[in-house]
Each structure stands twice: as structure tokens, then as C-alpha cells.
Amino acid sequence: MSDNYDPLSQLWLEQDVEKIDLDVIKKKWRITELKQRLYLLIDIFSTLFVFAILYFMGDELDHFTYKIFVVLNIICLGYLVYVTWLRRFSLGWSDLAAEQHIQKLKKQINNNILIANLSKSSVYLLLVIVVVHEIGLYYFELTPPEKLMRKLIFDIVFHAIALPSMWIWADRRCKRFKRELTALNELFGSSKSV
Amino acid sequence: MSTDFSQVLQQHAALLGRVAATYEANFHMRQELLQEITLAVWQALEKFKGDSSVKTYVLRVAHNKAITHVAYHAKQPRNDSYCEMASPEPSLRPSADEQIDQQQQIHQMLAQVRQMPIQARQVVTMSMEGLSYDEIADACGISPSNAGVVLNRARKVLMESIQHV
């Protein structure tokens, strides 16, 4: 099929190619490895942070705030497990047959869209939790009015910046993954024949 | 990076460059893709079980990485650029006229390959790299007879394209 006298193969093998710089590859690998470890640390610390508050400051928290933190903890843990499960196909390489790889790639992009939508939804959920917390503190008279007012102002300012930023970031990711999926479907659903 | 993996990568460097050229016309994008492919192959080599030849395995991983790259960059504008390429050894070079003709044929062939659907692109380039029908079918996840049909059509198109140069 492809002996040395095949003109196409000969021509193909004659083409000039760029050289591989292994030092650049090594550097890229070190950065990738560092990033992967950093993401893992962020995921672990973000979950442990709420646990740590409950464990170390549980006695100082009023009963309502304590319950809010327990709920938040359960949500965070559930979110972490679900997102990790959704990311199960996102390996850096694949040695599957091309057809299977494409299916896996589509599945992972769909999962990425789901993660991005989940991040957007978590903004609303976080907003609800913050509002419920503030109302609870006021309703049960758990914080002095002056302190509650200062806390309210801080929360409004902080969340007015943090939550929209988080939503915009998630929305951009969602749109990007949708573009990728469309491109993939166009490429492999192409009826163009050779 | 282990010495063995470095050796395997060096041995297949030209092959990886040709896979990158199959998917990317733009020089800088091609360089980026080549780095991504090399990194993927290097990572994958650690898990190589010897079920196929190293070349088939490397090609499979490289093409998969290229597909992922294409999906990610498909909507971005690009242009053809063939500058800054490593040239073959002077002793292997044909005469100037022959060289120009050959470069035009390669240019035409690559342009034609990049216009093909991904599956045909993979089948024909793997064939030109010397893989058998069975190896191509295995790497692409299709039947050998299907690989044969796709390959014959693609070769016909490529032969016509280089004859018109």
C-alpha cells in the first residue's frame, strides 16, 4: 500500500517540518504540572476553608450562622464531587481510536458547558444564602444593629463585585465551550466528501 | 523527561511535524500545535503497553491531540504561512527547478489535505506515513474496508491536485 515508490508518500515525506525543541516542551510540562497541582490545591482549600471555619470557630458562631455554614459545607462538598466527576474525561492526551476520541471530546465539552452553567447557578444560590443569612441575623436579633449595618455594607460591596465577576467569567466559558462544540459538530458532521 | 522518551520523540520528530502540518497552515499555530502534540505523546508514552507499533501509537495520540486543537481553534481566523521552516540536508536537495516544482506540489498537496474531512485526512496521511490498512482502521476506529474506500478516494484527489501543478 505504501512502498517507497509511491509518489504521494515520497512527496509527503519530503516536506519540510519544524524542529521540536525539547527544552520548550520540558518547560511547558513543568508549567502544566504546576497548574494542575495549583488547581487541585485551590479545590481542596476552598472546601477545607468552610470546614475549618466550622471546626475552629464553631463555638464563636451564633446558631443561625452555624447552620448556614453547615448547609454551605454540604453544597460545597456536593459541588466538588459532582464537578470532579464531570471532569473525568479531561485528560491531557488520549490513545483511543479517533472516532471514540471525538465522542469523548464531545462528552467532555458538554460536561464543561454543564460546569459553566453550574457556576452561573451557584452565583444565584450564593446570593440567596447571603440574603437569607442577613435576614436571619436581623430577624433573630443575633447581631447588634450597628455591627449588622457595617456587615451589610461590606457584604453588598463585596458581593456586588465578586458575584457579577464570577457570573461573567462562567458565562464566557459557557459561550466558549458552546463554540467549541459547534465547531466539532461542523467538522465531523460535514457532508463534504473527497 | 526520561532519556528513552526523549529518544522516541527525536525519532518521531519529523512525523509529529507532518501531523501538525496536516491540521495547521499558519506557522505560529502550527508551532503551538506541534508543542501540544509532543507534550501529549510524551505523556502518553508512559502508558504505552506495546499493543501496536510505537509509530502507530504515536500517530494515534498525535492525531487525537490535533483534533482537540482543531475543535478549540476552529472559529479563529487563520492564514497560510510557510516561513521559518527547517530545510532538508543540502546533499538531499534536488536541483533548483526540481526543488521549486516539488515545493509547489507539496504546498498543493498540503492545501488539499487540509480541506479534506478529518477522517479522510487521517486515513490518507497515516497511509503516507506507511501504516497498513489494519493499523489505520484501528487508529481511526473504522473497518479496514472503510479505510480502503476512504483512502482510495483521498489518494485520487491528491494525485489530481499534484498533477495540476
Side-chain angles (χ1 to χ4, degrees), chain A residues 1-4 6-33 90-106 108-109 176-194, chain B residues 1 6 9 13-14 16-18 20-21 30-31 34-35 38-44 47 57 60-61 63-65 67-68 70-72 74-75 85-88 102 105-106 109-110 116-120 122 125 127-128 130-133 138-142 150 153-155 157-159 162:
Chain A
M1 179 176 77
S2 50
D3 54 50
N4 292 331
D6 175 21
L8 274 180
S9 297
Q10 269 194 328
L11 199 60
W12 179 253
L13 298 173
E14 278 292 321
Q15 66 177 287
D16 299 340
V17 289
E18 286 88 16
K19 287 173 181 168
I20 295 173
D21 187 343
L22 281 182
D23 289 333
V24 173
I25 303 300
K26 285 178 196 174
K27 195 177 168 188
K28 202 165 182 168
W29 170 241
R30 276 197 293 271
I31 293 169
T32 307
E33 211 173 28
S90 60
L91 278 172
W93 56 274
S94 153
D95 61 353
L96 294 170
E99 280 294 313
Q100 289 169 286
H101 173 69
I102 292 160
Q103 293 310 317
K104 206 174 95 167
L105 194 59
K106 283 182 183 175
Q108 185 54 56
I109 297 174
R176 197 190 91 196
F177 292 132
K178 279 180 181 170
R179 273 202 306 273
E180 277 181 43
L181 192 62
T182 308
L184 203 61
N185 284 328
E186 279 172 8
L187 278 168
F188 297 101
S190 170
S191 57
K192 191 179 175 185
S193 59
V194 288
Chain B
M1 186 182 285
S6 299
L9 285 178
L16 296 181
R18 289 192 292 272
R30 196 163 57 238
Q31 283 281 38
L34 182 58
Q35 284 181 14
T38 310
L39 190 58
V41 169
W42 173 44
Q43 287 175 286
K47 306 277 181 188
Y57 185 75
R60 193 189 297 176
V61 174
H63 275 284
N64 283 348
K65 193 69 199 175
I67 288 171
T68 308
V70 166
Y72 183 74
K75 290 292 178 189
M85 292 181 118
S87 301
Q102 194 184 56
Q105 282 185 323
I106 290 171
M109 180 169 67
L110 270 170
M116 289 178 176
I118 300 283
Q119 191 183 71
Q122 290 189 335
T125 54
S127 162
M128 291 189 290
L131 263 58
S132 68
Y133 280 122
D138 184 45
C140 295
I142 54 175
V150 174
R153 284 183 191 159
R155 283 180 61 85
V157 171
L158 288 186
M159 285 302 286
I162 60 169

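Proteins get letters first, then strands, A, B, ... in listed order; numbering begins at 1 in each. Bear in mind that the values here come from a model prediction, so they are computed numbers and not experimental data.
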ask   = Counting only heavy atoms not in A/Lys28, do more than 12 fall under 6.0 Å of its NZ?
value = yes
query = What part of A/Leu11 gets closer than 4.5 Å to chain B, counting heavy atoms only: side chain, backbone, both or neither?
reply = both
ask   = So, for B/Cys140 and A/Ala97, which heavy atoms are closest and what is the spacing to 0.1 Å?
value = C-CB, 4.0 Å
request  = Identify which part of B/Asp138 has an atom lying under 4.5 Å from any heavy atom of chain A, answering side chain, backbone, both or neither.
outcome  = backbone
Which portion of B/Gln122 sits near chain A, non-hydrogen atoms under 4.5 angstrom = side chain
key: Per-residue contact mode, B/Ala139 against chain A (heavy atom under 4.5 angstrom)   = backbone
ask   = Hey, which of B/Arg60, B/Met159, B/Arg18 has the most heavy atom pairs under 4.5 Å with chain A?
value = B/Arg18
key: B/Asn64 vs A/Leu105, side chain to side chain contact (heavy atoms under 4.5 Å, CB included): CA-CA, chis, key distance, verdict   = CA-CA 10 Å; B/Asn64 283 348; A/Leu105 194 59; over 6 Å; no
remark   = Counting heavy-atom pairs under 4.5 Å with chain B, the top scorer among A/Arg176, A/Glu99, A/His101 is A/His101
message = Please classify the contact between A/Leu181 and chain B as side chain, backbone, both or neither, with a heavy-atom cut-off of under 4.5 Å.
response = neither
ask   = Nearest heavy-atom pair of B/Lys47 and B/Tyr57: which atoms, and what distance?
value = C-OH, 3.9 Å
ask   = Picking from B/Ala44, B/Ala13, B/Ala14, B/Gly141, which has the most non-hydrogen pairs under 4.5 angstrom with chain A?
value = B/Ala44
inquiry  = Between A/Asp95 and B/Lys65 (salt bridge meaning N to carboxylate O under 4.0 Å), is one present in this structure?
reply    = no
request  = Check the pair A/Leu22 / B/Ser6 against side chain to side chain contact (heavy atoms under 4.5 Å, CB included), numbers first and verdict last.
outcome  = CA-CA 8 Å; A/Leu22 281 182; B/Ser6 299; 4.0 Å; yes
remark   = Most contact-rich option vs chain A, by heavy-atom pairs under 4.5 angstrom, among B/Val41, B/Thr125, B/Ile142, is B/Thr125
key: Exam field: side chain B/Tyr72 to backbone B/Ile67, donor-acceptor pair closer than 3.5 Å   = no
